[in-house]
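Here it is, the structure, as C-alpha cells.
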Amino acid sequence: MKTDDLIGSLVADHANPPASPRRTFAYAAPPALLGAILIFSYVLDMRPDLGDALMSWRYLFKVLVSASIAAFGLMLLFRMTKPQHDPAADIKWLALALAPLAVSLALETLMLPVDRWSASAMGFNPEYCVTLVPLIGLVPLAAALVTLRHGAPQSPTAAGAIAGFAAGGIGAFIYALHCDNDSPFYVAIWYMAAVGIVTLVGAVAGRFYLRW
C-alpha cells in the first residue's frame with residue numbers, strides 16, 4: 001500500500017469511528033424490547049387479576065427480583081465491554097442483584113406455614129416458566145451480544161453469560177405480567193432456573209460470537 005493510500009485510510013477510519021457499545025445498545029434495545037413484548041403478546045395473556053396482584057407484596061417482590069437482575073445485568077454488560085475489566089470483580093454486584101430474592105425468601109419463610117412450602121414452590125405449570133422466560137429473553141439476548149461485539153470483553157464466555165443474565169431478567173420481568181405464581185419459593189426455583197438457561201445460552205454464544 002502506498003503511503004498516501006495508508007494516510008487516506010487512517011483519516012477515513014478517524015472520521016468514521018466504530019459505534020461504541022452504548023450507542024449500539026441505544027439502537028438495538030428498543031427493537032429488542034418490542035420483539036420481546038410481541039412474543040409475549042402472541043403466546044400469552046396478561047393475568048386477569050393484575051390490579052389485585054399489584055397490592056400483593058409477593059407479586060411486587062417477584063417483579064423487583066426480575067427488574068434487579070435485568071438492571072444489574074445491564075450495568076455489568078457495559079463494564080464487560082472494556083478489555084481491562086476483570087469479570088471476577090463483579091461477584092459482589094451479582095450478589096446485590098439477588099438481594100431482593102433473599103429478602104423475599106426470608107419473609108416467605110416467616111409468614112408461610114411450613115406445610116405449604118412445597119405446594120408454593122411447585123406452583124402451577126412451572127414448565128411454562130422455564131420455557132417462556134428464555135423464549136421472551138432471546139431477542140434481548142441478541143441485542144446484548146451485539147452490544148458486546150462492539151466492545152472488547154476480556155472473557156467472551158463471561159461476557160456472554162452476563163448478557164444472558166440481563167436478558168433472562170428482562171424475560172422474567174415481562175413474563176411476570178402473565179404468571180400468577182407469586183411465591184418467592186417459586187421464583188427462587190423456577191424463575192431462577194429460567195434465568196439460568198438464558199445465562200447458559202449467552203455464555204455458549206459469547207464464547208464463539210465475542211471471540212477476538
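The structure displayed is predicted, hence computed values, not measured ones.
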message: Would you say Leu107 ends up clustered with Met55 if hydrophobic residues are merged whenever their side chains have heavy atoms under 4.5 Å apart, either directly or through other cluster members?
response: no
query: With a 4.5 Å heavy-atom cut-off, do Trp117 and Thr109 have their side chains touching?
result: yes
message: With rounding to the nearest 0.5 angstrom, report the CD1 to CG distance, Ile39 to Leu138.
response: 7.0 Å
task: Would you please test Leu210 and Arg149 for side-chain contact (heavy atoms from CB on, under 4.5 Å) and show each step?
output: CA-CA 6 Å; Leu210 301 177; Arg149 181 76 172 179; 4.2 Å; yes
message: Is there a path of hydrophobic side-chain contacts, each under 4.5 Å between heavy atoms, that joins Tyr27 and Leu77?
response: no
Distance in Å, Arg23 CZ paired with Thr147 OG1, rounded so as to fall on 0.5 Å steps: 13.0 Å
May I have the list of side-chain donor-acceptor pairs in residues 152-179 shorter than 3.5 Å, sequence neighbours left out?
unit_1	atom_1	unit_2	atom_2	d
Gln154	NE2	Pro83	O	3.3
Gln154	NE2	His85	O	3.1
Ser155	OG	Ala158	N	3.2
His178	ND1	Asp45	O	2.8

query: Are side-chain heavy atoms of Phe25 and Phe78 found at a separation under 4.5 Å?
result: yes
query: With a 4.5 Å limit on heavy-atom distance, are the side chains of Asn181 and Val187 in contact?
result: no
query: Which value, rounded to the nearest 0.5 Å, describes the distance between Leu148 atom CG and Thr24 atom OG1?
result: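 Between Leu148 CG and Thr24 OG1, I get 10.0 Å after rounding to 0.5 Å.
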message: Nearest 0.5 Å, please: how far is CG in Asn125 from CG in Asp180?
response: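 It is 9.0 Å, given to the nearest 0.5 Å.
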- request: Indicate, with yes or no, if Val63 and Met46 share a hydrophobic cluster defined by side-chain heavy-atom contacts under 4.5 Å among Ile, Leu, Val, Met, Phe, Trp and Tyr.
  value: yes
- request: Would you check if Ile69 and Met192 make a side-chain contact, meaning some heavy-atom pair closer than 4.5 Å?
  value: yes
message: Looking at Asp52 and Arg47, is there a salt bridge between them, counting it only when a charged N and a carboxylate O are closer than 4.0 Å?
response: no
task: Please determine, by modelled atom types, if Ser183 and Glu108 share a side-chain donor-acceptor pair under 3.5 angstrom.
output: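 Side chains of Ser183 and Glu108: pair found under 3.5 Å.
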- request: Check the hydrophobic clustering (I, L, V, M, F, W, Y; side-chain heavy atoms under 4.5 Å; chains of links allowed) and say if Val43 and Tyr191 are grouped together.
  value: yes
query: So with a 6.0 Å cut-off around CZ of Arg207, is the heavy-atom count from everything else above 12?
result: no
field: Geometric class of the Trp57/Phe61 ring pair [parallel <30°, tilted 30-60°, perpendicular >60°]
entry: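 It falls in the perpendicular class, over 60°.
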query: Under 4.5 Å between any side-chain heavy atoms of Leu50 and Tyr59, yes or no?
result: yes
Heavy-atom check, side chain of Phe185 versus side chain of Met122, under 4.5 Å: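 They are not in side-chain contact.
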task: Flag the pair Leu98 / Ser68 as yes when at least one side-chain heavy-atom distance between them is below 4.5 Å, and no otherwise.
output: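 No; the side chains remain at least 4.5 Å from each other.
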field: Interatomic distance, Asp182 atom CG to Ser104 atom OG [nearest 0.5 angstrom]
entry: 11.0 Å
- prompt: If you look at every heavy atom in Arg116 and Leu112, which pair is closest and at what distance?
  reply: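 Minimum heavy-atom contact is CZ-CD1, 3.7 Å.
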query: Do other residues, nucleotides or ligands put more than 12 heavy atoms under 6.0 Å from the OH atom of Tyr209?
result: yes
statement: Rounded to the nearest 0.5 Å, the OG atom of Ser56 sits from the CZ atom of Arg58 at a distance of 6.5 Å
field: Heavy-atom pair with the smallest gap, counting every atom of Ala121 and Tyr186
entry: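 Result for this residue pair: O-CD1, 3.5 Å.
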Heavy-atom closest contact (Pro134 atom, Thr131 atom, distance): CD-O, 3.4 Å
ILVMFWY network linking Ile197 to Leu200, side-chain heavy atoms under 4.5 angstrom: no
Minimal non-hydrogen separation, Gly202 against Leu141, with atom names: CA-CD1, 4.0 Å
- prompt: Do Lys62 and Pro184 come within less than 4.5 Å of each other through their side chains, counting heavy atoms only?
  reply: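 Sidechains of Pro184 and Lys62: no contact.
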